[in-house]
Every structure is written in structure tokens, then in C-alpha cells.
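Data first, discussion second: the structure below is written as C-alpha cells.
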Amino acid sequence: MAGISNEQCGVGRSTDVISTGQALAEWRSSEQVENGTPSTSPPYWDSDDSDDTGFKGAKPSELYGKYTWKIEKFSQINKRELRSNAFDVGGIKWYILIYPQGCDACNHLSLFLCVANHDKLLPGFSHVAQFTITLVNNDPKKSKYSDTLHRFWKKEHDWGWKKFMELSNVLDGFIDADTLIIKAQVQVIRKKILCISEQCKSEDENGLPFLIPFSLKLVERADRPFRCLDFQYRRELVCVYLTNVEQICQRFVEERRGKLGKFIEDKARWSSFCAFWLGIDQNARRRMSREKLDSILKVVVKHFFIVKEVTSTLVMDSLYSGLKALEGQKKSRKGRAKLLDAEQMPAPIVCVEEDMFVLVDDVLLLLERAALEPLPPKDEKGPQNRTMDGGPREDFNKDSIERDERYLTELGRRTIEIFVLAHIFSNKIEVSYQEAVALKRQEELIREEEEKKGKTSEQKAKRGAIKKGKKAKKNQVCIT
């Protein structure tokens with residue numbers, strides 16, 4: 001096989017290794033998930049039209065699809081491998097491939113998602129896809145789910161699990177009337193979009209030049225956080241990976257806070273920086289307290305979207321919602337109230353003004369705040385407390401999912417704010433401060449050199465005067 005995703009590496013997931021696995025399995029198999037539920041969330045949670053920049057492309061919901069494969073007379077299969085019919089998702093033909101007796105793994109069911117007709121793919125073919133494979137059990141609580149994220153290309157046109165499940169476990173409720181049911185959910189990630197380019201020159205069939213007012217071309221969509229997942233699929237994954245997303249954001253924020261904290265704890269350096277900042281004029285402060293929105297967001301995407309990390313899509317969705325919240329907080333105070341209760345909402349660090357990120361307060365105050373202020377607390381009623389007896393399924397499906405999304409939005413907003421503050425500080429303000437320190441040190445060295453030269457000249461003059469006096473006395477003695 002070209003590609004293998006092994007559960008031991010943490011890519012796959014089984015409900016038996018998650019504390020709330022039975023509840024999640026029951027919820028994932030429920031009709032509420034299949035059919036969707038009404039939402040009272042902010043519009044951008046359910047919307048997958050993530051572009052306000054004029055770029056056009058397929059929405060995540062149009063790049064998402066499901067497929068069910070029923071393998072009848074499973075016990076009579078004696079083939080080494082078995083392929084499903086091809087199915088279309090995101091304009092790509094896929095099929096499921098299984099090895100009933102294992103692929104390089106004895107006594108295991110091996111299972112893969114593959115791109116159909118891969119031998120006919122062009123060399124430049126490359127698509128990132130997140131997918132979930134489900135082995136259906138008679139008891140929905142015991143159904144086996146595995147998720148992964150992979151970049152499919154000509155040399156890695158298949159991806160999956162060599163050890164999806166031990167064969168002995170397959171007989172435990174997964175085969176009904178000698179039929180094995182496998183379900184696939186596939187989400188193609190929109191990494192390229194249709195962009196309107198500027199006018200260009202061309203020639204007609206007679207060779208006469210003319211201007212094309214604009215042209216369309218596909219470009220890499222890595223300029224800002226983007227919506228990756230169909231909203232219903234996203235809500236399903238949030239129930240499983242919320243803690244992982246929180247840990248990723250927490251690690252990043254703690255790392256940046258730690259660096260800022262060390263800077264502030266260095267009393268001499270902090271005092272020097274405060275003197276520098278207070279010594280420059282207001283216009284210079286304003287210029288250094290803002291940065292182009294797209295230049296920062298491009299770095300954000302590069303930092304957080306990591307292919308092979310199954311949570312990358314949720315992190316990107318969290319950052320997308322957080323960015324939308326930042327863009328909307330100036331337009332509507334009511335919009336902010338939907339994220340968290342008013343008393344839980346921390347004062348903003350960053351605001352969006354047209355195409356710029358702008359620090360909302362004095363840098364000295366914001367740096368001290370960022371070094372001390374933790375991430376928003378998780379709701380105690382969140383997913384860590386979900387159990388089979390935790391409440392009716394409707395509450396589990398609706399209220400808890402929206403609670404998670406509120407938390408993810410605030411988590412994304414806070415992460416972007418810290419990223420922007422750290423970026424502006426390290427790439428603009430601290431650079432100016434270091435240049436000022438270097439210039440001041442250079443002036444001090446020049447002054448010290450001049451003083452040294454002055455002292456040397458003075459000492460030389462004194463020695464000359466003494467020498468001259470001695471010579472005069474000597475001449476006087478000779479005359480006498």
C-alpha cells in the first residue's frame with residue numbers, strides 16, 4: 001500500500017479508548033446526527049461560505065459526502081482484497097479497500113480509502129481529505145470509528161489502517177446475517193480557490209493584440225483561516241477532539257505567554273523598553289501597533305494547518321470562527337454576547353480595521369495582560385462530563401455541541417489575538433526597540449571613544465608642556 005495510518009501512532013481512534021466512547025458512539029449513530037438539528041448559533045458557525053474577499057470556490061458542504069458499503073456473504077469471501085464501488089466526493093472518485101485477512105498484519109481487518117483510477121492521475125494531482133471510516137455494529141454503542149487526515153497524491157493515493165480491527169472482534173456484533181457494513185464520510189479540504197486576476201494582454205486568431213479585462217485561475221488558499229468541514233461533520237468531530245484542539249491552542253498560548261513573561265521579568269530590560277516606548281511620539285506608536293491582516297493570517301495558517309494532524313481541520317475552523325468574532329465585535333456588541341456570557345468575555349487585545357489588525361490599547365498594558373491572562377475557562381457542562389446518564393440525547397446533541405462551538409470560537413479568537421500581539425511585538429516593536437538600543441550603544445561607544453581621544457590628547461599636551469618646561473630649564477642652566 002502507498003500509505004498507512006496506524007492507530008498506534010495516534011491517527012486512528014476507537015471508541016473503546018475514549019472515556020465517553022459509548023455516549024459518543026451512540027450520538028454519532030443517532031438520527032439527530034444523520035438528519036441534523038436546528039441551530040441557534042451565530043450564523044458563521046453553520047455557514048461554510050468562508051470568503052469575504054471575492055474569492056469563489058466550492059463550499060465544504062459541497063465537498064463532503066457519505067458512502068455505505070454492505071458486504072454480503074462475508075464469511076464466504078476468500079479473496080485477499082475487496083473493493084467497493086467507486087463513489088464521488090468533491091469531484092474525485094473514491095473507493096474503499098479492505099483486506100479481510102489483513103495487509104501485512106495477521107489476524108486483523110485492514111481498511112483503506114483510495115483514489116480511483118490513480119494510475120491515470122496527472123503528476124500534479126494533490127488533494128487533502130479528512131475521512132472517517134465506521135465499522136457498524138448491531139449495538140450502535142459498539143460501532144468502531146476511525147478518523148484521519150491525509151494529502152492524497154500520485155504516489156500516496158491510498159491511506160488507512162493495517163490494523164483497523166482484530167478479526168476475532170469482527171464476529172462480536174459487526175456481522176449481521178453474514179453482512180458487514182462499512183460507512184465512509186469524506187471531506188475534501190478546499191486548499192485552492194478560483195481567483196480573479198488583473199487584466200492581461202492576448203492575441204486573437206489573426207494575431208491582433210487585445211486586452212482581457214480579467215481572468216480566472218486556481219490559487220493556493222493559504223492566506224487566512226478557512227472553513228474546512230461541513231458543519232454537521234464538524235459538530236461530530238468536535239465531540240471527539242475538543243480536548244485535543246484545546247491542548248494545541250493552550251500550548252501555543254502558553255509558549256507565547258512564557259516568552260512575554262520572561263521579557264517582563266527581566267527588570268532591566270523591561271525598564272529599558274518602557275523608557276523607549278514612552279519616549280517615542282504617538283504617531284510612531286500607532287504605526288508600530290498595527291499590521292496588515294493578510295500578512296499575519298498567512299503565517300497563522302502555516303503554523304496551525306498540519307497535514308497528518310487529524311485535528312488541524314478543527315483548529316482551522318476554530319480560528320476561522322474566532323476571526324469572524326474579531327471582525328464582528330466592532331460591528332455589533334450583541335454578537336460578542338453570543339460567544340460567552342458578558343462577564344466571562346475578556347477585554348479585547350486586537351481589533352480589525354478594514355485590512356489591518358490593530359492593538360486596542362497601549363502595548364505596555366497589553367503585554368502585561370497577555371503574560372498573565374489565561375485562556376477562557378471550559379464550561380463545566382462541556383464534553384468532559386458527558387456520560388450515558390448525563391441527560392437526554394437531545395440535550396447532548398444540541399446544547400452541548402453549541403456549548404463546545406462557543407468555546408471553540410472564543411478559543412480561536414483568543415489564540416489569534418495572542419498570535420497577532422506576539423507577531424506585532426516581535427516583528428515590529430521589539431525590532432525597533434533593539435535598533436534603538438543598538439543605536440544608543442553605538443552612540444555611547446562613539447562618545448567613549450571621543451572621550452578617550454580627548455583624554456589622550458590632554459595627557460599628550462600635559463606631557464609636551466612638562467617636556468618643554470624641562471627643556472627650557474635646561475637651556476637656562478646652560479646659559480648661566
Discussion item. Less than 6.0 angstrom separating the ring centers of His303 and Phe252, yes or no?
Written reply: yes

Worksheet item: Do any N or O atoms from the side chain of Asp317 and from the backbone of Cys228 form a donor-acceptor pair under 3.5 angstrom?
Response: yes

Worksheet item: Does the side chain of Glu81 pick up a donor-acceptor pair with the side chain of Tyr99 at under 3.5 Å?
Response: yes

Discussion item. Rounded at 0.5 Å granularity, tell me how far CZ in Arg83 sits from OH in Tyr95.
Written reply: 3.5 Å

Worksheet entry | Under-4.0 Å salt bridge between Lys259 and Glu255 | yes

Worksheet item: Are the charged groups of Glu265 and Lys262 less than 4.0 angstrom apart, N to O?
Response: no

Worksheet item: For the side chain of Trp159 and the backbone of Phe152, is there at least one donor-acceptor N/O pair under 3.5 Å apart?
Response: no

Discussion item. Looking at every non-hydrogen atom in both residues, tell me the closest pair between Trp270 and Ile264 and how far apart they are.
Written reply: CB-O, 3.6 Å

Discussion item. Before you tell me yes or no, could you show the steps for Lys162 and Phe112 under side chain to side chain contact (heavy atoms under 4.5 Å, CB included), namely the whole-Å CA-CA distance, both residues' side-chain angles and the distance that decides it to 0.1 Å?
Written reply: CA-CA 8 Å; Lys162 281 188 174 182; Phe112 304 88; 4.0 Å; yes

Item to complete: Step through it carefully: locate the ring centre of Trp161, locate the ring centre of Phe131, and say whether they are under 6.0 Å apart.
Response: yes

Worksheet item: Can you tell me how far the CD atom of Gln250 sits from the OG1 atom of Thr243, to the nearest 0.5 Å?
Response: 11.5 Å

Worksheet item: Is any side-chain N of the basic residue among Arg257 and Glu254 closer than 4.0 Å to the acidic one's carboxylate O?
Response: yes

Fill in: Ser84 side chain vs Ile96 backbone, donor-acceptor pair below 3.5 Å
yes

Worksheet entry | Heavy-atom pair of closest approach, residues Ser295 and Glu291 | OG-CG, 3.7 Å

Response to the item:
Nearest heavy-atom contact between Gln130 and Val310 is NE2-O, 3.3 Å

